[in-house]
J.: 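Before we start, here is the structure in question, set down as structure tokens.
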2 protein chains.
Amino acid sequence: MGTRGVTIVDVAREAQVSRQTVSRALNGLPEVSESTRTRVVEAARRLNYRPNRAAQGLVRGRDITIGLVVHDLRNPYYPELASVLSRLAAERGWGVVLCDLGTDDAAAGARLADVLRRVDAVVGSVTPALTGASQSVPVVALDVEPVGSDEPAIAIDYAPGIAAALDHLVARGRRRIAMVDSSSTPSRRRLLYRAHLQRHGLAWDETSEVVSADTHLGGVEAATTLRRQCPDADAVLVFNDVIAVGVLKGLTRAGVAVPEELAVVGIDGLDIGTLVTPELTTLAIDRTALARHAIELVAAALGSPGDTAAGGARRVLVPTLVVRESS
Amino acid sequence: MGTRGVTIVDVAREAQVSRQTVSRALNGLPEVSESTRTRVVEAARRLNYRPNRAAQGLVRGRDITIGLVVHDLRNPYYPELASVLSRLAAERGWGVVLCDLGTDDAAAGARLADVLRRVDAVVGSVTPALTGASQSVPVVALDVEPVGSDEPAIAIDYAPGIAAALDHLVARGRRRIAMVDSSSTPSRRRLLYRAHLQRHGLAWDETSEVVSADTHLGGVEAATTLRRQCPDADAVLVFNDVIAVGVLKGLTRAGVAVPEELAVVGIDGLDIGTLVTPELTTLAIDRTALARHAIELVAAALGSPGDTAAGGARRVLVPTLVVRESS
DNA sequence: CTGAAAGCGCTTACAG
DNA sequence: CTGAAAGCGCTTACAG
């Protein structure tokens, strides 16, 4: 907020010219004499004048800005997304303002409210706060359930991918497949894992599931917990690649051979999976496609001509199993 | 740009009320009858009305937005920085718009120009384009040379850190220390490396230096090149952790024992360094401090009261050697 | 080359 | 509860 008093009229007075001359001088328009320009520039600097962007924007015409709301930018999933999204937005002349909710829920709400005031639309991970905010600007939710309302959103249908991952493990002779989740309330990914095991009559009990913090350090600990809690597990599906890489490391540290003794499969398809040894098998989500869909849905929601009919308000993405060395 | 004709007066006409009533109804102010409010909301939806943010901003008073310009958001160095910076900015009520220059230089210029129109100040990696732009808004340059002009900037003084890293390697008995750089024109880090070797009479020749692409894949290749080009190297300093992690992987793949046969030291202090095996020794840059300084310099440049005197326009950060397993 | 006028689209007092 | 007025800070024609 903080209004900062110095306006163009102050500069005009200081430089002894009219305010439109100030505007012209400062914007480098040709029809100003050198001496006047210098005087104006000096005056502006002396007063520490900064043009008010809102006023400039108002008169220059609308420019679109979208917000990108993420849970935690430090999960490499998001920078890749942000990178593509910002490129695609730039191609349309849109700006992107970043909103990293972080782990502190109290601050997150305020941060979200703040970003909503600055943007024409929001793309982001669904949170209760975001859902409530959909009154003020259009919201394109990322990674919602494939069924549900017809709000603009991108759903990721994990069912076939998780089936493929588990089938793959079974095909390689795994019989006791555990899961590391990122929250104590079962994620959709975990529910699909359970359903698949049950449907195929595969071994499962309470010890099959471990909850981890959503960091690679969490994964390292989860590996220990898993070995203690479910010693006969010969494979593990992990909520995401960040945790999975930690699990991999925890297992290696504990002298467990991956994949021989225990196979590991992550979800997301992050680059870091190719960085570790053994390389991580993963269920990859195409973040470029995700970003592209998000931008198109924003365009449709903003009513940009030619985008409205581009395929409905809800898109569905299907992850792909990428088999590497850890399974 | 794209002006989208629907304004508050259109809605007013459609709903048969005055425009200030529209404003009140849409902003949820109390003094509007329910029936009127409904009529206005309906009209607004029918016309697909979106309030013009610039106009709102103009009347509500100035709100500050800063731009964060980075080379490549996919290098984990930047998300950590962006994350902290956006948190600190939020604490001051500032917004952060993201500008990922990417690898395509042509597009980068346009993207930069675009972001400069939307922000009150810019924080970012120095590029020629950015330097030239410092006329329009204050620029706080990140990672400049410790000497130089008095523009607002944060310098990182690698000299003591690189000395410490090389001393550490020598203390561990290394006698032939190579370097992997990220560009063919020697980086400042490489120059410091050379100077230190020379000053201490350590072995060096052209084969000591390898150039790598600035990705971990580049690092993997660089490992091969290094082994071929400089087979007697027993240690290597790498331009950054992303490349270093690739080098580590390349060496492991080639059956080279790290650190026994060849020690590896990276620069940046990224989390991924603790993720790999062996864990990466690195020269860590405190990105939280970096972000904090950047925000303070922006505040000073914008003339926020109480910040101006907070310690001059140039800050210097000194990296710290973090010895882990790879050396 | 420089100034007076009009207006961008909204909100905030001020009347009624 | 609703409307008429004024103004946020700038730029863009339009005169001179």
Side-chain angles (χ1 to χ4, degrees), chain A residues 1-41 43-44 47-65 116-120 136-137 302, chain B residues 1-41 43-44 47-65 116-120 136-137 302:
Chain A
M1 270 334 131
T3 286
R4 218 201 8 41
V6 187
T7 77
I8 200 172
V9 282
D10 299 314
V11 179
R13 190 180 316 116
E14 176 85 5
Q16 317 248 47
V17 294
S18 72
R19 66 199 223 255
Q20 38 279 59
T21 300
V22 172
S23 175
R24 284 189 285 253
L26 259 30
N27 290 326
L29 299 191
E31 58 272 269
V32 178
S33 75
E34 236 1 272
S35 66
T36 309
R37 185 186 307 278
T38 325
R39 211 164 66 229
V40 170
V41 169
L47 298 178
N48 192 27
Y49 167 70
R50 312 267 175 224
N52 181 313
R53 270 178 315 99
Q56 289 184 141
L58 179 55
V59 68
R60 291 213 251 246
R62 165 174 294 250
D63 62 316
I64 292 178
T65 302
L116 286 170
R117 293 195 357 260
R118 326 176 90 101
V119 301
D120 299 290
S136 63
V137 299
L302 293 177
Chain B
M1 266 346 122
T3 286
R4 219 205 3 43
V6 187
T7 78
I8 199 171
V9 281
D10 299 314
V11 179
R13 189 181 316 117
E14 175 86 6
Q16 318 248 45
V17 295
S18 72
R19 67 198 223 253
Q20 37 281 60
T21 300
V22 173
S23 174
R24 284 188 286 253
L26 259 29
N27 290 326
L29 298 190
E31 57 273 270
V32 178
S33 75
E34 235 2 271
S35 66
T36 308
R37 185 186 306 277
T38 325
R39 212 167 62 233
V40 170
V41 170
L47 298 178
N48 191 28
Y49 168 70
R50 311 266 174 224
N52 181 311
R53 271 178 313 100
Q56 289 184 141
L58 179 55
V59 68
R60 290 213 252 247
R62 163 173 295 248
D63 61 318
I64 292 177
T65 302
L116 286 170
R117 294 196 356 259
R118 326 177 89 102
V119 301
D120 299 290
S136 63
V137 300
L302 293 177

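Order of the sequence lines fixes the chain letters, A, B, ..., with proteins taken first and strands second; residue numbering starts at 1 for each chain.
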J.: Measure from the side-chain heavy atoms of A/V17 and tell me the nearest of D/dC10, D/dA5, C/dG3.
T.: C/dG3
J.: How many Å lie between CG on B/N52 and P on D/dG9, as a whole number?
T.: 17 Å
J.: Would one find a side-chain N or O of B/S23 under 4.0 angstrom from OP1 or OP2 of C/dT11?
T.: yes
J.: Does OP1 or OP2 of D/dA4 have a side-chain N or O of B/S18 closer than 4.0 Å?
T.: no
J.: May I ask you to say what B/V9 touches in the nucleic acid, namely base, sugar-phosphate or nothing, with a heavy-atom cut-off under 4.0 Å?
T.: nothing
J.: One thing to verify: whether A/R53 and B/D120 come together as a salt bridge, which I'm taking to mean a side-chain N less than 4.0 angstrom from a carboxylate O.
T.: yes
J.: In terms of the nearest nucleotide of DNA chain C, which residue is placed more toward the 5' end: A/R19 or A/E34?
T.: A/E34
J.: Tell me the interatomic distance from B/D63, atom CG, to D/dG9, atom P, rounded to whole angstroms.
T.: 13 Å
J.: What nucleotide among C/dC1, D/dC10, C/dG9 has an atom nearest to a side-chain atom of B/V59?
T.: C/dG9
J.: Would you say B/S33 and B/T36 are linked by a side-chain donor-acceptor pair, where the criterion is simply a distance under 3.5 Å?
T.: yes
J.: Is any side-chain N or O of B/T7 closer than 4.0 Å to OP1 or OP2 of C/dC8?
T.: no
J.: Let me know the distance between CZ of B/R24 and P of C/dA13, rounded to the nearest Å.
T.: 12 Å
J.: Would you mind reading off the distance between A/Y49 atom OH and D/dC10 atom P, rounded to a whole angstrom?
T.: 3 Å
J.: Please tell me if A/T21 has a side-chain N or O lying less than 4.0 Å from either OP1 or OP2 of C/dT2.
T.: no
J.: Now, which nucleotide makes the Watson-Crick or G-U wobble pair with D/dT2, with each of the two distances under 3.5 Å?
T.: C/dA15
J.: Please report the distance, rounded to the nearest Å, between CZ in B/R13 and P in C/dG9.
T.: 12 Å
J.: Quick one: pull up CG in B/L302 and CG in A/N48 and give me the separation to the nearest 0.5 Å.
T.: 8.0 Å
J.: Atom CZ in B/R37, atom OG1 in B/T21: separation rounded to 0.5 Å?
T.: 11.0 Å
J.: Heavy-atom nearest nucleotide on DNA chain D for B/A55 versus B/V32: which residue maps closer to 5'?
T.: B/V32
J.: Could you state the atom-to-atom distance from CD1 of A/I8 to P of C/dG3 in whole Å?
T.: 12 Å
J.: Could you tell me the separation between the CD atom of A/Q16 and the P atom of C/dG3, rounded to a whole number of Å?
T.: 10 Å
J.: Is B/Q56 close enough to C/dG9 that one of its side-chain N or O atoms is under 4.0 Å from OP1 or OP2 there?
T.: no
J.: Looking at B/S33, I'd like to know whether one of its side-chain N or O atoms comes within less than 4.0 Å of OP1 or OP2 on D/dT2.
T.: yes
J.: Taking atom C1' of C/dC8 as reference, at what distance in whole Å does atom CG of A/L58 sit?
T.: 4 Å
J.: Do B/T65 and B/R118 pair up side chain to side chain, a donor and an acceptor below 3.5 Å, judged on atom types alone?
T.: no
